[in-house]
Every structure is written in structure tokens, then in C-alpha cells.
Chemist: 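Structure provided below as C-alpha cells; questions to follow.
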Protein chains: 2
Amino acid sequence: MLNNLKDNFSHLFEDALLEEINNVGTLKEVKEGDKLIEIGDYVRSMPLLISGAIKILREDDNGDELLLYFLERGDTCAMTLTCCLGQKKSEIRAMAELDTILIMVPIQKMEEWMGKYKSWRNFVLQSYHERLTEMLETIDSIAFLNMDERLVKYLQNKQKITKDTIINSTHQEIAYELNTSRVVISRLLKKLENLGEIELFRNSIKIISL
Amino acid sequence: MLNNLKDNFSHLFEDALLEEINNVGTLKEVKEGDKLIEIGDYVRSMPLLISGAIKILREDDNGDELLLYFLERGDTCAMTLTCCLGQKKSEIRAMAELDTILIMVPIQKMEEWMGKYKSWRNFVLQSYHERLTEMLETIDSIAFLNMDERLVKYLQNKQKITKDTIINSTHQEIAYELNTSRVVISRLLKKLENLGEIELFRNSIKIISL
DNA sequence: TTGTGGCAGTAACAAAGGTTACATTTCGAA
DNA sequence: TTCGAAATGTAACCTTTGTTACTGCCACAA
């Protein structure tokens with residue numbers, strides 16, 4: 001685990017902190033599609049992402065869903081941070097977008113390190129900043145963009161995260177994450193295909209140029 | 001200023017910290033409608049709200065606007081925190097919703113206090129948590145609610161912030177903050193009036209029961 | 001091989017929200 | 001007092017998005 005840590009976090013944390021994380025953290029591997037946190041769960045440890053990607057989703061009372069953002073290598077979950085500190089229930093759902101490796105750190109440590117390590121404080125604050133920025137981008141999308149533009153952004157984002165021009169999603173799955181209906185997505189995807197920007201297959205979409 | 005501080009922050013900060021804030025902070029009064037921060041500004045100090053209310057707005061490239069949330073007594077601006085630390089430009093606009101009194105703390109101090117005072121750390125983290133939560137609520141509204149429901153929420157919120165059943169806004173102003181058009185707001189307000197939930201006047205709206 | 005369930009294509013229609021246009025009212029400044 | 005700008009009311013129409021319904025297609029298991 002120490003190697004994993006050094007590879008991904010040595011530019012952020014001093015050796016003493018890396019050592020501590022190595023001592024108290026536990027390595028966790030999850031498969032694509034696995035659920036990490038459900039809305040209402042209490043959170044007892046904080047994830048540091050080594051590899052893979054996690055998607056963070058919001059859901060309303062009717063079960064309508066919305067993709068908020070992705071976490072990647074070197075990230076942590078800002079929601080978790082506050083849940084830990086405040087002993088509050090999770091407001092979001094976290095699912096593995098890809099096969100993912102993370103280090104789980106017990107919550108007591110995170111407070112202790114806040115006083116002890118400047119690099120840890122910066123990391124935590126930086127994480128908050130990134131998450132707030134991503135929330136702003138999400139708000140921009142749903143407030144200012146039409147569904148066709150949101151869809152294009154979604155596909156671009158997905159490509160960036162998976163590093164693959166083939167997106168393995170059904171229209172229904174995309175519709176859930178954008179909180180719309182399958183028919184709408186099919187309609188817009190077909191339009192993009194007619195423009196030559198994507199190619200449609202069963203269970204997958206190939207990005208030509210977006 | 002020390003009295004202001006003690007009245008509003010003594011339950012959060014230890015005496016030594018209150019003392020420090022008192023030494024380095026400057027009192028600032030702004031009038032309703034004053035602009036505090038514009039998008040693109042560099043932020044050099046951090047506000048602690050003593051009284052009044054600040055509204056935080058987002059704008060896109062076309063000048064379309066959206067109200068994100070309000071800051072009240074005891075709050076600080078999480079955006080500012082990260083802007084300060086990262087030396088980044090502001091992503092948002094801040095306007096005084098009411099006459100407001102705040103204490104401005106220079107940014108160098110905030111880092112110093114992070115290491116020195118546990119109560120400061122908790123305050124900063126707590127602020128982030130509240131802001132993230134409010135961003136989530138904003139997302140819920142625009143993603144899951146129709147305009148009529150968003151309008152009702154907006155009016156309720158406004159009432160809560162101003163502690164007044166009379167809302168002094170034009171339809172155009174409301175339309176800006178909800179990123180829609182004046183005609184749409186007039187239409188929906190008239191519907192609410194017909195339901196007996198509000199009463200409409202020139203430049204103001206009286207809330208009967210929402 | 002055949003049936004079954006999930007996936008995608010598409011048409012027709014409905015609803016919400018945005019746009020344009022114009023009339024009326026109100027208020028403050030000249 | 002009068003004029004003009006700003007605020008509001010309202011109709012007609014358009015666009016976007018959501019809904020319903022039905023089709024064919026594909027993959028897999030019985």
C-alpha cells in the first residue's frame with residue numbers, strides 16, 4: 001500500500017503523514033457498478049482514490065436521479081469529510097464508475113491530522129474547493145444549458161473519465177443520470193449520429209468528434 | 001467591534017482568537033444592493049457576517065444569472081476561502097441583500113489560524129459543509145422542480161431572510177435570480193394571487209400563506 | 001428454435017416554459 | 001401638471017422537453 005500511496009500522494013503529503021496513512025488506512029478494491037455509499041448512510045471513513053473513478057449522484061424523494069460529478073485519482077470526497085465531522089447522514093450516493101482502488105482512513109485521524117500537518121489541511125481545503133467548483137459546473141449545466149448541450153458535455157466527460165471513445169451505457173442509464181427520459185436521450189443521440197459526431201450501437205456509443 | 005464579535009462568534013471561537021480577529025479585522029458596513037464581489041475579482045480578505053444578509057449569484061457567458069444562496073449572521077463565504085488560498089479569481093458575485101455589517105479578515109491570517117486554533121478549523125469546515133449543502137439544495141430546485149415550485153421556494157426563502165412578509169422585488173428582478181423571463185414570473189405570480197396565497201403590488205409582493 | 005426481456009427507433013401528442021407584442025398603470029422628475 | 005420610464009397584465013405563438021404507445025431488433029436461456 002505504501003507504494004500506492006507514494007505514487008499518488010507523495011507530491012501532496014510529507015513522509016511522516018504518508019507513514020501514518022499507511023499505518024491506519026486500509027486498502028479497498030471495488031468493481032465497476034459497486035455501490036460505495038447510499039443516501040442516508042453514516043460515513044465512518046474517508047476515501048483516498050488511488051485509481052479508477054467514482055461517480056457521485058443526487059436523488060430526490062421521487063427517486064429522480066442526477067449525476068453531480070466524478071472523483072478521480074488523487075481526489076477525496078468532500079461530502080464525506082463533512083459527514084464525518086458532523087456525524088451526519090450522507091446526502092449523496094457514490095458508485096464505482098470504473099474498477100477502483102482506494103485507501104480508507106478512519107475519521108478520527110482526519111481531525112487529528114488537521115492540527116498536525118499543514119499538507120493535510122491544504123489537501124482537505126483543496127478538495128473542498130474542487131468539489132465546490134464541480135458543483136458550480138453542474139449548476140451551470142442544468143441552469144444554463146439545453147438538454148442537447150448537456151448531453152454533449154456528459155459524453156465528453158464520460159470519455160475523459162474512462163479514457164475511451166467507446167461509452168458503454170444504455171440510453172436509459174444516460175437518461176437517469178441527466179434526470180430526463182429515455183426517449184429524449186434516444187432522440188438527441190440520433191440527432192448527433194446524423195451529424196456524424198457519434199455512432200450508435202446496442203449498449204454503447206462511439207464518439208467520433210464532439 | 002469586539003462587542004459585535006462576542007455577540008455573534010463567541011460560541012464558536014475561544015477568547016484568544018476573538019482577540020486576534022479584533023486586532024486584525026476591519027469593520028465594514030454595506031447598504032442593500034451594494035456589490036461586494038464581482039466575478040473575476042481577486043479576493044484578499046474574508047468576511048464574517050455580523051448582521052444583514054448577502055446573496056451569492058452565478059452568471060454564465062451570456063449574462064444569464066442565477067441565485068445560489070444567501071449568507072446570514074455568523075456565516076462566512078466558502079468561495080472566498082478557496083479563492084484566498086488558491087489565489088484564484090472569484091467564480092461568483094456577492095451582493096448585499098439587506099444592509100449588512102461584516103468583519104473583514106486578511107487572508108494571511110486565515111491560514112495561520114488553521115494551524116493554531118481548533119475552533120477556527122471547525123468553523124471553516126463547518127462553513128464548507130453548509131455551503132455544499134446549500135449548493136445541493138439549489139441543484140435540487142433547478143433539477144427536480146418546475147418553475148412554479150421554484151418560485152414558491154424563492155418567496156419563502158426571501159421571507160425567511162428578510163423576516164418580512166412583504167417582498168420588495170419587481171417581477172424582472174425575480175426573473176433574473178431564477179434565470180427565467182419576466183413574463184413567466186408575472187404569469188406564475190398571478191396564478192398564486194388567484195389562489196389567495198400572495199397579493200401583488202407595484203414593486204412588492206405580500207405573502208399571505210405559502 | 002423459439003420465446004422472453006431488455007434495448008432502441010419513432011410518431012403523435014401534451015405540458016412547461018420562453019418570446020414577442022402590445023396595452024395599461026404607476027410614479028417620479030422636469 | 002405633464003411626460004416618460006419602469007412595472008405589470010395578458011394574449012398568441014413557438015420551442016423544448018416529457019409522455020405514451022407501438023415497433024422491430026438482439027441476445028440469451030430454456
Side-chain angles (χ1 to χ4, degrees), chain A residues 33 59-67 139-155 158 166-207, chain B residues 33 59-67 139-155 158 166-207:
Chain A
E59 197 181 79
D60 78 351
D61 306 329
N62 305 321
D64 295 330
E65 217 176 59
L66 182 77
L67 173 66
I139 287 178
D140 285 350
S141 292
I142 51 182
F144 302 131
L145 299 184
N146 285 347
M147 194 53 82
D148 53 349
E149 300 167 297
R150 287 179 59 198
L151 177 59
V152 167
K153 257 196 147 182
Y154 174 90
L155 295 174
K158 203 96 168 175
I166 306 284
I167 293 170
N168 291 299
S169 304
T170 66
H171 300 184
Q172 182 62 71
E173 286 166 357
I174 298 174
Y176 281 139
E177 302 203 339
L178 293 176
N179 186 39
T180 180
S181 74
R182 196 270 308 168
V183 179
V184 170
I185 294 299
S186 294
R187 190 151 66 200
L188 296 175
L189 283 174
K190 184 51 73 179
K191 214 180 281 178
L192 286 175
E193 187 176 45
N194 290 337
L195 290 170
E197 302 186 3
I198 61 174
E199 215 174 324
L200 298 175
F201 303 93
R202 190 186 174 83
N203 291 313
S204 74
I205 300 165
K206 179 173 180 186
I207 296 183
Chain B
E59 198 181 79
D60 78 351
D61 306 328
N62 304 322
D64 296 330
E65 219 176 58
L66 182 75
L67 173 67
I139 288 178
D140 285 351
S141 293
I142 51 182
F144 301 132
L145 299 185
N146 286 347
M147 195 52 83
D148 54 348
E149 302 168 295
R150 286 179 60 197
L151 178 58
V152 168
K153 255 195 151 184
Y154 174 89
L155 295 173
K158 203 96 168 176
I166 307 284
I167 292 170
N168 291 298
S169 304
T170 66
H171 299 183
Q172 183 62 71
E173 286 166 355
I174 298 174
Y176 280 139
E177 302 203 338
L178 293 176
N179 187 39
T180 178
S181 76
R182 197 270 308 166
V183 179
V184 170
I185 294 299
S186 293
R187 192 152 65 199
L188 296 174
L189 283 174
K190 183 53 73 180
K191 214 181 280 178
L192 286 175
E193 187 177 45
N194 290 336
L195 291 170
E197 302 185 3
I198 61 175
E199 215 174 324
L200 298 176
F201 304 93
R202 189 185 173 82
N203 291 313
S204 73
I205 299 164
K206 180 173 179 186
I207 296 183

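Here is how names work: the chains are called A, B, and so on, in the same order as the sequence lines, proteins then strands, and each is numbered from 1. Being a predicted model, the structure only gives us computed values, none of them experimental.
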Chemist: Which heavy atom in A/Phe201 sits nearest to a heavy atom in A/Lys206, and how many Å separate them?
Modeler: CE1-CB, 3.8 Å
Chemist: What is the separation between atom CG on B/Leu178 and atom C1' on C/dA16, rounded to the nearest whole Å?
Modeler: 15 Å
Chemist: Between A/Leu178 and A/Arg150, what is the shortest heavy-atom contact and its length?
Modeler: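 Shortest heavy-atom contact: O-NH2, 3.1 Å.
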Chemist: With rounding to the nearest 0.5 angstrom, report the CG to CD1 distance, A/Leu151 to A/Ile198.
Modeler: 7.0 Å
Chemist: What is the distance, rounded to the nearest whole Å, between atom CD1 of A/Ile142 and atom P of C/dA16?
Modeler: 20 Å
Chemist: How long is the span from the NE2 atom in B/His171 to the CZ atom in B/Arg202, to the nearest 0.5 Å?
Modeler: 10.5 Å
Chemist: Roughly how many Å is it from CD1 in B/Ile185 to P in C/dG18, rounded to a whole number?
Modeler: 9 Å
Chemist: Could you state the atom-to-atom distance from CG of A/Asn179 to P of C/dA16 in whole Å?
Modeler: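 Checked: the CG to P distance equals 16 Å.
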Chemist: Looking at B/Asn62 and B/Asp64, would you say the former's side chain and the latter's main chain have a donor-acceptor pair under 3.5 Å?
Modeler: no
Chemist: If I take atom CG in residue A/Asn168 and atom C1' in nucleotide C/dA8, what distance separates them, rounded to the nearest angstrom?
Modeler: 16 Å
Chemist: Are any of A/Ser181's side-chain N or O atoms less than 4.0 Å away from OP1 or OP2 of D/dT17?
Modeler: no
Chemist: Using atom CZ of A/Arg150 as one end and atom C1' of D/dT16 as the other, report the distance to the nearest whole Å.
Modeler: 13 Å
Chemist: Summarise protein proximity over nucleotides 6-12 of chain D in one line of letters, 5' to 3': B for base, S for sugar-phosphate only, - for none, counting protein heavy atoms closer than 4.0 Å.
Modeler: BSBBBBB
Chemist: Could you tell me how far apart A/Asn194 (CG) and C/dA8 (P) are, to the nearest whole angstrom?
Modeler: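 So the two atoms are 16 Å apart, to the nearest Å.
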Chemist: Below 4.5 Å, heavy atoms only, C-beta onward: do B/Leu155 and B/Leu189 meet side chain to side chain?
Modeler: yes
Chemist: To the nearest angstrom, how far is A/Lys191 atom NZ from C/dA8 atom P?
Modeler: 19 Å
